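These notes concern the structure reproduced below.
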Amino acid sequence: MDDNTVIVTIIVDEAWTNPGSVLDLFLESFRLGQGTKSLLNYLLIVTVGSKTFQRCKSVHPHCYQLTRLGSRNKLLLDMLKLGYNFVFTEADVMWFRTPLPEIHPLKQITIPCDLPSAESKRERNRPGRGLFSVRSSDISIQLFRYWMVLGVLDHTFHVESLCENIKDQQEYIKMLEVQISYLDTTYFGGFCKEAKKDMNQVYTLQANCCEDVENKVYDLRLVLEGWRNLTAQTSNFSSGLVPSWRAPTKCIV
């Protein structure tokens with residue numbers, strides 16, 4: 001983009017790229033969302049494996065193949081070192097409204113993450129909301145290097161790792177003077193935590209707490225169907241009605 005920002009997702013599971021599977025639904029959400037279709041021009045899909053790469057190239061112009069799994073964390077660090085900001089999104093996140101206006105223009109990290117509290121400490125390893133943004137700076141580069149050394153950015157690389165470690169490493173983050181902007185998880189939700197029922201206000205919704213790909217796809221289709229119905233009845237946006245999600249049904253929360 002004009003400010004050197006790239007949207008990036010990383011797909012490892014080949015089943016996610018099959019026709020009609022997660023990748024197709026992910027791209028469809030951009031086409032259906034408010035202010036999101038043009039963002040496809042700035043979306044880089046990173047894949048692991050030749051079949052996954054070839055499938056990506058058949059449905060999207062900007063694909064990049066990693067030669068090995070572990071190099072994806074280095075890729076994100078290299079992007080920061082080259083001066084690129086990035087918005088990382090899991091591929092099972094449906095984009096209904098562009099989150100870009102909600103991303104702080106100066107702070108190094110913007111993430112849907114509950115602030116540290118007694119309650120959050122009791123809810124360890126909660127899955128995240130599938131999205132975070134990092135601005136390139138000496139501070140963010142140093143932080144990502146540190147996380148790689150600690151193994152935080154391991155082969156699983158999910159957003160919850162960053163959220164939980166931000167909570168756990170407050171002293172180090174303060175020492176680096178990392179500036180973090182926290183997004184309201186109500187509007188950037190997932191199946192693990194009940195998303196805001198009002199579809200008129202939700203930005204993104206992730207099919208987390210759902211390991212089975214078939215169940216994930218089934219519920220994501222319900223989500224997109226609900227969004228299509230909402231946008232087809234544009235009067236709902238101002239009528240005071242509160243349309244709600246039908247999913248999850250097969251993804252057990």
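Keep in mind that what you see is a predicted model, and the values were worked out from it rather than measured.
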(request) Go through the side-chain N and O atoms of Thr249 and Asp219 and say whether any donor and acceptor fall under 3.5 Å apart. (result) yes
(message) Less than 4.0 angstrom from a charged side-chain N to a carboxylate O is my criterion; do Lys37 and Glu28 meet it?
(response) no
(message) Looking at Thr98 and Leu100, would you say the former's side chain and the latter's main chain have a donor-acceptor pair under 3.5 Å?
(response) yes
(message) For Thr52, run the side-chain contact (heavy atoms from CB on, under 4.5 Å) check against Ile11, Val46, Ile45 and tell me which one passes.
(response) Ile11
(message) If the test is side-chain contact (heavy atoms from CB on, under 4.5 Å), which one of Val223, Val93, Leu131 qualifies with Gln206?
(response) Val93
(message) Do Phe53 and Tyr64 sit in one hydrophobic cluster, given that two such residues count as connected whenever their side-chain heavy atoms are within less than 4.5 Å of each other, even indirectly?
(response) no
(message) Angle between ring planes, Trp95 versus Phe30, binned at 30° and 60°: parallel, tilted or perpendicular?
(response) parallel
(request) Using atom types as modelled and distance alone, determine if a side-chain donor or acceptor of Gln170 lies under 3.5 Å from a backbone N or O of Ile166. (result) yes
(request) Examine distances only and state if a side-chain atom of Ser136 and a backbone atom of Leu80 form a donor-acceptor pair shorter than 3.5 Å. (result) yes
(request) Can you see which heavy atom on Leu40 is nearest to which on His62, and at what distance? (result) O-CD2, 3.8 Å
(message) Is it the case that the side chain of Thr9 and the backbone of Ala91 share a donor-acceptor pair, with hydrogens and angles ignored and the cut-off at 3.5 Å?
(response) yes
(message) If you compare all heavy atoms of Ser21 against all heavy atoms of Val217, which two are closest, and at what distance to 0.1 Å?
(response) OG-CG2, 3.7 Å
(message) I'd like to know if the side chain of Arg55 and the backbone of Thr17 have a donor-acceptor N/O pair within less than 3.5 Å.
(response) yes
(message) Using modelled atom types and a 3.5 Å cut-off, is there a donor and acceptor pairing between side-chain atoms of Asn4 and backbone atoms of Gly83?
(response) yes
(request) Measure across Cys113 and Tyr182 and return the closest heavy-atom pair with its distance rounded to 0.1 Å. (result) O-CD2, 3.2 Å
(message) Once you measure the plane-to-plane angle for Tyr172 and Tyr146, does it fall in the parallel (<30°), tilted (30-60°) or perpendicular (>60°) bin?
(response) parallel
(message) Determine whether a donor-acceptor pair (N or O, by modelled atom type, separation under 3.5 Å) exists between the side chain of Trp227 and the backbone of Leu32.
(response) yes
(request) Look at the side chain of His60 and the backbone N and O of Leu43, then say whether any donor-acceptor pair between them is shorter than 3.5 Å. (result) yes
(message) Test disulfide (SG to SG under 2.5 Å) on Cys209 and Cys251; report intermediate values, then the result.
(response) CA-CA 7 Å; Cys209 286; Cys251 292; over 6 Å; no
(message) Quick one about Arg135 and Gln108 (side-chain donor to acceptor, distance below 3.5 Å, no hydrogens or angles considered), yes or no?
(response) no
(request) Applying side-chain contact (heavy atoms from CB on, under 4.5 Å) between Leu143 and each of Asp138, Val134, Val178, report the one that passes. (result) Val178
(message) If you count heavy atoms of other groups shown closer than 6.0 angstrom to CZ of Phe86, is the number above 12?
(response) yes
(message) Treating Arg31 as the side-chain partner and Thr36 as the backbone partner, does any N or O pair qualify as donor plus acceptor under 3.5 Å?
(response) no
(message) Given 3.5 Å as the limit, does a donor-acceptor pair link the side chain of Lys216 with the main chain of Ala207, or not?
(response) yes
